[in-house]
Each structure stands twice: as C-alpha cells, then as structure tokens.
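In what follows, a structure is listed as structure tokens, so that the remarks can point back to it.
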2 protein chains.
Amino acid sequence: MKHNTQQREAILKCLKSARGPLSPREILEAAGREVPGLGVATVYRNLKLLVREGLATEIVLPGQGSRYEISGLAHHHHFQCRDCRMVFCLEGCSKGIDSLAPAGFILEEHDIVLYGRCAECSHG
Amino acid sequence: MKHNTQQREAILKCLKSARGPLSPREILEAAGREVPGLGVATVYRNLKLLVREGLATEIVLPGQGSRYEISGLAHHHHFQCRDCRMVFCLEGCSKGIDSLAPAGFILEEHDIVLYGRCAECSHG
DNA sequence: ATTAAAATGATAATAGATTCTCAATTTCAT
DNA sequence: ATGAAATTGAGAATCTATTATCATTTTAAT
C-alpha cells in the first residue's frame, strides 16, 4: 500500500460509518456511489489489504461470505436481521460463556450471533 | 422415502453415535466404512431427505459448509476444535443472551460457537 | 511535467460445496 | 421369484464467492 486511492478511501469510509460489518457487495454498492465505476476486484483487493494492515477485520457469520468491519472495536457480537439481512454490531457480551466448555477442553474464543428483526424491519 | 436402504441406515447411525454435527465428508467417510462404495451424492440426498423428514438437523458454523446432527436434542450450542476441526455439542446455554439485543430489535434466535482445543487435541 | 511503480476495472479463471443426470442396482409388495 | 418404483454411484454440471490476468489509468516523487 504505497499509494492512496479514492477507491480505498471510499471503502474505508464506508466501514467507518457502518453500523455493522458489511459484505463486499454492500461495500461495492455503497462505495460505488462515491467512486462510480468501482469494480468488485478492487473491493476485494482493498479489503484484503486493509485486513492485512490491521485497519479492517473480517467477520464471518454462519452460511454467508465474509463481511468486514472497522478494526479496534471492543469485544462484541452481532445481530442479523432476517428481513433485510443487515448485520449490526452489539454491545457487551453475555457472562458465563466460558462455563459452557466441557472439562478438558481449552476455550480460546467464542462467537455469538443473534437473529431476528432489526428496529426498522420490526415495523419501526 | 419409501424404501429403507443400508446407505440411509448407515448415515443415520453415524449421526446418532456422533458427539456433534458431522460434515457430509465426515459422514461419507464414517458411513462408507459400513457401506463400501457409498457415494457423495447419496450422502447429500439422504441428508436432505432426513432433514425434510425431521430426523436430522442442519447446523452451520461460520465459514464452513453445513453439518448435520440428529434431531430432538435439547437447546444447545457447539464447540469447534481448531486442531482436529471436529465439532462437539455442548450442554446448556449462557444466560443473559437476550439482553444483548438493542431496544427495538426483535430477538428470535441465537447461535453460540466456542473455539479452542478439544480434550484429545489439548494433548489429553 | 515526467515517469516508474502502484492500482484499477473488466473479465476470465478458480475453488469448494452441492446438485443433476442417467444407466445400473436394490427394495419390497405381490 | 417377479417387476415396478425407489435408490444408488460416477461423474458432469452448477452455483457462488473470491482470485488472477492484463491492458489501461492513477499516484506521487522527482
């Protein structure tokens, strides 16, 4: 990453203003509004680059391709709306998760995903 | 599902004796030991069938293809070993998950996945 | 302004999982 | 034991997400 490009800036800006991790497609659409003609390959290339540089973090939910969110957020989990399919970052974390691991197992990490309807889609 | 086949029986038996959801590949290998020559298509066909009949349940972890476990188990979650990649069913569920949903959001379901080392791989 | 390196966009290519096709085999009611 | 219906196995085909290719454009140091 030697040169700054408007494409990369636009992608980063998207991630910063998002309420949750975005899919490459969502990023293509959003950043494409700022940089017309933006191509898929560029989105993927830059996401990979941003992750490598530590500026973005890859988020994977069950049954879907990777999403990306801005790095540096505190430990948190996600909520996916079953209507609009959007993913939102949540705050905090449920206690007592560690106790779910069976004896003899070493727990290193955990993921929690909530599913339901977001405020808008729950007819807000 | 009009005819019972040894293939289907073998697949079902695998699911019943497993400690967690199995991938089609794992099932192919395990059931293939009982029914030599077992084909992938047959595994997929029967899994689909078993799910339709309510005998098996599809489980999807982040970044991986579907796995299948026997139906009827109580609410539970899973642990994936980062070494052997095997997935294990856990018991119980962490309290307070519901409180993670933001105001205005309707929570319908949740998934929890723990990652780490299973008893065997943690050098047991 | 010039230029070499970096980055882009269009599209082809790849990869992995799952499904389809179809001839051959198996199941089970008779 | 027989035969129609169901199922199977091998391999081709499909689908989706991501990556590679490459000619063209952009960046930024000079």
Side-chain angles (χ1 to χ4, degrees), chain A residues 1-15 20-53 55-69 78 80 85-87 113, chain B residues 1-15 20-53 55-69 78 80 85-87 113:
Chain A
M1 184 156 71
K2 303 285 185 56
H3 295 177
N4 281 337
T5 65
Q6 40 176 347
Q7 287 86 346
R8 187 176 308 137
E9 291 304 325
I11 290 171
L12 203 45
K13 185 177 166 189
C14 280
L15 298 182
L22 303 176
S23 67
R25 190 176 354 195
E26 289 168 338
I27 293 169
L28 176 65
E29 193 190 334
R33 259 179 252 121
E34 286 211 23
V35 186
L38 179 63
V40 226
T42 299
V43 171
Y44 277 101
R45 261 190 305 248
N46 278 295
L47 287 173
K48 209 169 183 179
L49 189 62
L50 292 171
V51 168
R52 207 184 309 137
E53 304 269 324
L55 294 174
T57 299
E58 184 180 10
I59 301 294
V60 187
L61 299 199
Q64 300 167 63
S66 295
R67 287 164 182 272
Y68 298 85
E69 67 181 24
H78 302 93
Q80 180 165 42
R85 303 263 88 199
M86 191 106 68
V87 178
V113 186
Chain B
M1 182 157 73
K2 304 286 185 57
H3 295 179
N4 280 337
T5 65
Q6 39 175 348
Q7 287 85 346
R8 186 175 308 138
E9 291 304 324
I11 291 171
L12 203 45
K13 184 176 167 189
C14 281
L15 298 183
L22 303 175
S23 66
R25 190 175 356 194
E26 288 168 339
I27 293 169
L28 176 65
E29 194 190 334
R33 259 179 253 122
E34 285 211 22
V35 185
L38 179 63
V40 226
T42 298
V43 171
Y44 278 100
R45 263 190 304 245
N46 278 294
L47 287 174
K48 209 168 184 180
L49 189 62
L50 291 171
V51 169
R52 206 185 309 138
E53 305 268 325
L55 295 173
T57 300
E58 184 181 10
I59 301 293
V60 187
L61 299 199
Q64 300 167 61
S66 296
R67 287 165 182 272
Y68 298 84
E69 67 183 23
H78 302 92
Q80 180 165 42
R85 303 265 85 198
M86 190 107 67
V87 178
V113 185

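Because only heavy atoms are used, hydrogens play no part in the values below, and waters and symmetry mates are left out as well, while side chains stay in.
- Here A:Glu34 pairs with A:Lys13 under the salt bridge (charged side-chain N to carboxylate O under 4.0 Å, His left out) rule; sequence neighbours left out.
- Listed candidates were D:dT19, D:dT27, C:dG9. Nearest to the side chain of A:Leu38 is C:dG9.
- The minimum heavy-atom distance linking B:Val60 with A:Pro62 is given by the pair O-CB, 3.3 Å.
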Every protein N/O within reach of nucleotides 28-30 of chain D N/O, cut-off under 3.5 Å:
{"from": "D:dA28", "atom 1": "OP1", "to": "A:Asn4", "atom 2": "N", "distance (Å)": "3.1"}

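- Taking the screw axis at each terminus of the helix from C:dA1-D:dT30 to C:dT30-D:dA1 from five consecutive base pairs, the angle between the two is 30° to within rounding of 10 degrees.
- The number of heavy-atom neighbours closer than 6.0 Å to CZ of B:Arg25, taken from other residues, nucleotides and ligands shown, is 12 or below.
- At a non-hydrogen distance threshold of 4.0 Å, B:Pro24, B:Arg25 from residues 23-36 of chain B come into contact with DNA chain C.
- For A:Leu61, the side-chain contact (heavy atoms from CB on, under 4.5 Å) partners at least two apart in sequence or on another chain are A:Ile59, A:Gln64, A:Gln80, A:Val87, A:Val113.
- Here the side chain of A:Arg8 pairs no donor or acceptor atom with the backbone of A:Val43 at under 3.5 angstrom.
- Taking atom CD of B:Gln64 as the reference point, atom P of C:dG16 lies 14 Å away to the nearest angstrom.
- Of the two residues near DNA chain C, B:Lys48 and B:Gln7, the one whose nearest nucleotide lies more 5' is B:Lys48.
- When the P atom of C:dA6 is taken as reference, atom CZ of A:Arg8 falls 12 Å away, rounded to whole Å.
- Rounding to whole angstrom units, CG of residue A:Leu49 and P of D:dT18 are separated by 17 Å.
- For the pair A:Asn46 CG and C:dG9 C1', the interatomic distance rounds to 12 Å; values are reported in whole Å.
- Side chain of A:Arg45, nearest nucleotide from D:dT21, D:dT19, C:dT19: D:dT21.
- Taking atom CZ on A:Arg67 and atom P on D:dT18, their separation rounds to 11 Å, with Å as the unit.
- Between B:Ala31 and B:Cys14 the shortest heavy-atom distance is N-SG, 3.5 Å.
- Residues satisfying the side-chain hydrogen bond (donor to acceptor under 3.5 Å, both in side chains) criterion with A:Glu58, sequence neighbours excluded, are A:Ser66.
- Under the rule for a side-chain contact (heavy atoms from CB on, under 4.5 Å), the partners of B:Glu26 that lie at least two apart in sequence or sit in another chain are B:Leu22, B:Ser23, B:Arg67.
- One atom, OH of A:Tyr44, and another, P of D:dT16, lie 13 Å apart when rounded to the nearest Å.
- Take A:Thr42 and apply the side-chain contact (heavy atoms from CB on, under 4.5 Å) test, not counting sequence neighbours, and it matches A:Gln7, A:Leu38, A:Arg45, A:Asn46.
- In this structure, OH in A:Tyr68 is found 14.5 Å from CG in A:Leu12, a value given to the nearest 0.5 Å.
- A search for side-chain contact (heavy atoms from CB on, under 4.5 Å) contacts involving B:Glu29 returns B:Arg33, not counting sequence neighbours.
- The separation between B:Gln6 atom CD and C:dT26 atom P is 8 Å, rounded to whole Å.
- Here the side chain of B:Ala41 is nearest to one of D:dT18, D:dT8, C:dC20, namely C:dC20.
- Residues B:Ala56 and B:Leu15 approach most closely at CB-CD1, 3.9 Å, considering heavy atoms.
- Rounding to whole angstrom units, CD of residue B:Glu58 and C1' of C:dT18 are separated by 11 Å.
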